[in-house]
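A note on names: the letters A, B, ... follow the listed sequences, proteins ahead of strands, and every chain is numbered from 1.
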Amino acid sequence: MSSSDDDTPLVKGKTNGVKSDDRVSKQVDRAMDKQTPSNGHVEPGLSIRMGPVDDMEVDAPTTNGNANGKRKARSSLTNTYKEASSSEEDDKPLSKRRRTSQKAKQPKGESESDLSDVPLRARKPPKATAAQIGEDSDSDIPLTTKLVKEKEAIEKAATKEAKNIKNKEKASASKRKPKVESESDDDIPLAKKKKQPVQKTNGVKKAKVESDSDAPLAKKKAPLKKTKAKAEPATPAKKGKGKSKLEETEQDQEAEDEEEEYRWWEDPAKGDGTKKWETLEHNGVVFPPEYEPLPKHVKLIYDGVPVTLHKDAEEVATFYGSMLNSTHNVENATFNKNFFEDFTAILDKTGHGKDKAGNTIKIKKFEKCDFKPIFEWFESERAKKKALPVAERKALKAEKDAAEADYMFCTWDGRKQKVGNFRVEPPGLFRGRGEHPKTGRLKKRVTPEQITINIGKEAKIPEPPAGHHWKEIKHDKEGTWLAMWQENINGAYKYVMLAANSDIKGQSDFKKFEKARELKKHIDRIRKDYQRDLRSEKMADRQRATAIYLIDQFALRAGNEKGEDEAETVGCCSLKFQHVTLKPPNFVIFDFLGKDSIRFYNEVQVDPQVFKNMKIFKKAPKTTNDDIFDRLTTSALNKYLTGYMPGLTAKVFRTYNASWTMARLLKDMKSTGSVIEKVKDYNDANREVAILCNHKRTVAASHAGSIEKMQDKINGLRYQVWRVKQMMIDIDPKIKKKKGAEYFERPKDLDDEWLQQHQEATLEEMREKIQKKFEKDNEKLKAEGEKEMKAKELEERLEVVKELAQKYKKENKSGKIEAEGKNPSIEKLEANVDKLLQQIETKKVQMEDKEGNKEVALGTSKINYIDPRLTVVFSKKFNVPIERFFSKTLREKFDWAIKSVDEDWDF
DNA sequence: CTCGTCTAGTCTGTACCATAAAT
DNA sequence: CATTTATGGTACAGACTAGACGA
């Protein structure tokens, strides 16, 4: 057990020894218990110590031929560091330890297989809100009117839906029943079942897994189809005017699908091979509208002089001018610099501005440009558009839709498929995310001459705009794109592809989740291996093992190297010295900008060996901006992973862990409660996954305000509670003794000052309301040609406010509150209090929910990481309409999932 | 390196809801 | 008083396109 001497030089003064090692491992054990309350078992890799591998190989110096500046600096650094680390690992009683390691491997079985059951340790404990919500829903407290209404409506819908589902089930029940029973282990509470899934994964070979997902399909096929026709038409119940052309065609399409629906997920021929299509027809792309020059009176002002610009330069000026309200851009120095560079480049080409007299005005200084007139013009246009009557706006939209109808669909192997982004991206100023060095650069208008079309050989080639030609026509059956061009900012390729609900996208989505499920079978071994390799003699292996650990445990992205002209963001393999802080005994703080420059901040507890490794990887002379994993690249990592399973790469772990977590949470869920509560439970699980994946959104600007408003409302209600209680005393002074003085105390935070403010605010609100109403009434009278009311009328109306003010005054002075209402009684008042308390409770829950949600984006994980079949299973099992979880587009995207699983399907 | 695909946050318009006003 | 209609504000869907990954 003295293997910790691996790294002793690192921990100065702590020269090896059982003691220190034991201490660390105990701490971890405790920590693990804490972190996995539902499982309560100890991470096996920690108790089973694995010795290093036998053939201790001195790491070869980094021979990276690709010696650009960055690399070079890195490898020289690596060498010094390598020497240090290898020497410290050199002198170890290897043979001995090897034996230990073999022994350690022996007690196979339980603890080992448990690994797959715990993909996620070190998560933060579930938030109180979730628990609270659960409790609230269990205790039968009625919700606010709003919630109740919703609840009822939804439950109605649910029962309706349930009928449909039941019909469906009846049809297929007889066939499915036996299977359900044979797999009844699904009903065993998770706690007991803990080890079950492992057996499945390990012991079970393909046959079983397949039977889980595939077998029922064939059986269900027929009944399903019939019921679908019944269930679906409820959705397009759009009220009002006749359907637009578009809707009609969509419905026609649906009808067609109904008749001869193609179930690619049941087609064994689909999905392998690289050929994506045999025939492909489409109509190309839609170009953005031509630039419409500004009216003559709207001009850029340079140095106080309005200047006329060439059309092309003016367009660029409008890009900037129209976003003056976006301080985020306009106050960014890089943005302004880049914009102005590109702007002046255009000016140089087209000629600079001209003043009224026709003299050329050379635009040299950004600071002298005044875009305000342009901005105001755009604002007024925006306002005009907004003010357009609804009917007109609709007509305009219908017109646009009609013009684009031809581009919305293509024919792929004879089937009509929706195209995703058929509109060519319009010109504008590039923003980029985070501190992008190219922010503000002009994104140029794309011409047909830059666009390559991919289309079937027999198909009619789409007509380019008059006087233009396409760059190239391809017939690439291995590509899934219809058109492609290269963008001028980063030289990135842009593709026109099919929409998410298309067969081809569905297929790859399906494959992605199947791959993640496949990982289940290998995860035990992978985890065991990386636990072992965390102590490897070879630095490269040790780094790789540590990286996989991080990717597996904390859902980090792979982290490819990035270029100079991109925002500085990182992932696992590209983590730098400053992104990781170590806090003994074994805490690691990650703080870096990830994809999209979204901050990843997480303070976690790690395996002690990982902690030690990180310490080594950060060892001097490494310093700020040096790579932590200097011996590791994403491609090496992925190559290694592929060895376990074809197609396994770093990103699969994200999908796997996300779906696995969701599966676990949903399985654990109690089936009680109303639909609303079930949906809330689902969303809580969804949220947990989103937090795992670090899916964030910016807090809405209005957030703080609306939280404050809610708090104010709650306080108002609490004040009301107090008032009502005081009224009881007014009726029956003896009650104070009966209920105890405490019951009648005003909450401490609602002090006199607060009371004052609250009363004033209430009065002011009333006043405003009355005032507004008065004005409106007057306007109405005026419109009808009648006489307006006098100010005296207003005063009379405001009398109510005065009365209330008086009342408050009296109350404040005497400390007594007169009972309100007719025939007030203690009972009535008590009922009143109860009602108010309930209102407060629901408001509180709402508020906490909102607060917990403010910076978590649930959508991304729902769309990309959580196997949709899990949601479908949940929906079926707990009888919640799928519409509650998937919007229309998502239902279309996940059509394959909705139609392919039973409630006993398992991830 | 190039190309192709998947992932992801933000922006914009609109559906939806509570509430008030009108009938 | 119950029901319908208007209003104002929020949440959400869908569009958009940047960014990451990987073959």
**Request:** Please check if any side-chain donor atom of A:Thr439 sits under 3.5 Å from a side-chain acceptor atom of A:Asn338, or the reverse.
**Result:**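 Side-chain D/A pair, A:Thr439 to A:Asn338: absent.
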**Asked** Going by atom types alone, do A:Asp565 and A:Asn490 pair a side-chain donor with an acceptor below 3.5 Å?
**Response**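 On atom types as modelled, these side chains do not qualify, holding no pair under 3.5 Å.
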Side chain of [X], heavy atoms from C-beta onward: which of [options] has the nearest atom to it?
X: A:Lys595; options: C:dG22, B:dT14, C:dA20; value: C:dA20
X: A:Tyr495; options: C:dA13, B:dG4, B:dG9; value: B:dG4
X: A:Met497; options: C:dG22, B:dG4, B:dT10; value: B:dG4
X: A:Thr889; options: C:dT10, C:dG14, B:dA8; value: C:dG14
X: A:Ser887; options: C:dA13, B:dG9, B:dG4; value: C:dA13
X: A:Lys505; options: C:dA18, B:dC6, C:dT10; value: B:dC6
X: A:Asn864; options: B:dA8, C:dA15, C:dT10; value: B:dA8
X: A:Lys443; options: B:dT7, C:dA18, C:dA20; value: C:dA18
X: A:Lys562; options: B:dT14, C:dG19, B:dA8; value: C:dG19

Is there a side-chain contact between [X] and the phosphate of [N], meaning an N or O under 4.0 Å from OP1 or OP2?
X: A:Asn421; N: C:dC16; result: no
X: A:Lys494; N: B:dG4; result: no
X: A:Lys651; N: B:dT7; result: yes

**Message:** Between A:Pro426 and A:Cys572, which residue's closest nucleotide on DNA chain C lies nearer the 5′ terminus?
**Reply:**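 Nearest nucleotide further toward 5': that of A:Pro426.
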**Prompt:** Between A:Lys515 and A:Glu518, does at least one N-O distance fall below 4.0 Å, as a salt bridge requires?
**Reply:**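 No, A:Lys515 and A:Glu518 are not salt-bridged.
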**Message:** Check this for me: does any side-chain nitrogen of one of A:Arg687 and A:Asp684 sit under 4.0 Å from a carboxylate oxygen of the other?
**Reply:**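 Yes, A:Arg687 and A:Asp684 are salt-bridged.
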**Prompt:** Under 4.0 angstrom, heavy atoms only, what part of the nucleic acid is A:Ser508 near: base, sugar-phosphate, or nothing?
**Reply:**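 Counting heavy atoms under 4.0 Å across all strands, the contact made by A:Ser508 is with sugar-phosphate only.
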**Asked** Tell me: CZ of A:Arg697 to P of C:dA11, nearest whole Å?
**Response**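 Between P of C:dA11 and CZ of A:Arg697: 9 Å.
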**Item:** Of A:Thr871, A:Asn501, A:Asp509, the residue whose pairing with A:Phe894 passes side chain to side chain contact (heavy atoms under 4.5 Å, CB included)
**Value:**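 Of A:Thr871, A:Asn501, A:Asp509, side chain to side chain contact (heavy atoms under 4.5 Å, CB included) with A:Phe894 is met by A:Asp509 alone.
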**Message:** Once you measure the plane-to-plane angle for A:His436 and A:Phe430, does it fall in the parallel (<30°), tilted (30-60°) or perpendicular (>60°) bin?
**Reply:**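 A:His436 vs A:Phe430 ring planes: perpendicular.
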**Request:** Mind running a 4.0 Å heavy-atom check of residues 474-492 of chain A against DNA chain C and sending the residues that fall below it, in number order?
**Result:**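 When residues 474-492 of chain A is checked for heavy atoms under 4.0 Å from DNA chain C, there are no hits whatsoever.
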